[in-house]
Amino acid sequence: MGQAAKVLQLFKTLHRTRQQVFKNDARALEAARIKINEEFKSNKNETSPKKIEELMKIGSDVELLLRTSVIQGIHTDHNTLNRTRF
């Protein structure tokens, strides 16, 4: 798989993870969508294979962090909060 295809795959994976992790939280979904798009857009003209690999590693680390460390709280009652871990 070429480098461009790997970048596109990471982009799609980050967006799928965003949709799963921030499900039912419109503000977080939108903020994450904007941040992902901005980061990829700001680096779209990068040509150095080494720099692209570094950026891919960062993106993969972020995706892993989102999947394993984000806890979404759901306010269910006056003093009750349920947690969902992804």
Side-chain angles (χ1 to χ4, degrees):
M1 181 184 298
Q3 200 167 37
K6 289 180 183 178
V7 170
L8 181 59
Q9 182 180 17
L10 177 60
F11 180 79
K12 290 179 178 182
T13 300
L14 280 164
H15 276 289
R16 278 193 296 274
T17 301
R18 164 190 74 89
Q19 290 172 334
Q20 183 181 31
V21 170
F22 299 119
K23 179 174 56 176
N24 301 323
D25 186 345
R27 280 192 342 197
L29 278 167
E30 181 65 10
R33 183 188 69 78
I34 290 169
K35 184 64 174 172
I36 292 167
N37 290 345
E38 283 177 352
E39 289 298 323
F40 276 81
K41 189 178 282 189
S42 70
N43 292 294
K44 75 177 184 179
N45 294 321
E46 184 59 57
T47 57
S48 166
K50 184 176 179 180
K51 179 67 175 173
I52 292 170
E53 284 299 320
E54 290 173 12
L55 292 167
M56 294 276 296
K57 174 74 170 112
I58 292 169
S60 295
D61 290 348
V62 167
E63 195 273 335
L64 179 64
L65 185 69
L66 285 172
R67 271 191 297 112
T68 60
S69 300
V70 172
I71 298 175
Q72 185 177 25
I74 301 167
H75 194 230
T76 58
D77 197 6
H78 179 64
N79 290 322
T80 308
L81 186 67
N82 289 337
R83 296 184 315 182
T84 304
R85 187 178 192 127
F86 299 96

Exercise. Just grab all the salt bridge (Lys or Arg N to Asp or Glu O under 4.0 Å) pairs involving residues 1-20, residues at least two apart or on different chains.
Key: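 Every pair satisfying salt bridge (Lys or Arg N to Asp or Glu O under 4.0 Å) with a residue in residues 1-20: there are none.
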Practice problem: For Ala31, enumerate each residue passing the side-chain contact (heavy atoms from CB on, under 4.5 Å) test, keeping only those at least two apart in sequence or located in another chain. | Solution: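 With sequence neighbours excluded, Ala31 shows a side-chain contact (heavy atoms from CB on, under 4.5 Å) to no residue whatsoever.
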Practice problem: Could you tell me which residues satisfy side-chain contact (heavy atoms from CB on, under 4.5 Å) with Ser60, sequence neighbours excluded, listed by chain and number? | Solution: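 Partners of Ser60 by the side-chain contact (heavy atoms from CB on, under 4.5 Å) criterion, ordered by chain and then number, come out as Leu10.
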Which atom pairs, donor and acceptor, lie under 3.5 Å between side-chain atoms of residues 49-56 and protein residues at least two apart or in another chain?
from  : atom 1 : to   : atom 2 : distance (Å)
Glu53 : OE2    : Gln3 : NE2    : 3.2

Quiz prompt | Pairing residues for Asp61 by the side chain to side chain donor-acceptor pair (under 3.5 Å) criterion, not counting sequence neighbours | solution =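 For Asp61, the residues satisfying side chain to side chain donor-acceptor pair (under 3.5 Å) (neighbours in sequence not counted) are Lys57.
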Between side-chain atoms of residues 34-43 and protein atoms elsewhere (two or more places apart, or another chain), which donor-acceptor pairs fall under 3.5 Å?
from  : atom 1 : to    : atom 2 : distance (Å)
Lys35 : NZ     : Glu39 : OE2    : 2.9
Asn37 : OD1    : His15 : NE2    : 2.9
Asn37 : ND2    : Arg33 : O      : 3.4
Ser42 : OG     : Glu38 : O      : 3.3
Ser42 : OG     : Glu39 : O      : 3.0
Asn43 : ND2    : Glu39 : O      : 2.9

Quiz prompt | Same apolar cluster: Ile58 and Leu14, side chain cutoff 4.5 Å | solution =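 Linked within one cluster.
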Self-check item: CA sep, side-chain torsions, deciding dist, call: Asp25, Leu29, side-chain contact (heavy atoms from CB on, under 4.5 Å)
Solution: CA-CA 6 Å; Asp25 186 345; Leu29 278 167; 5.5 Å; no
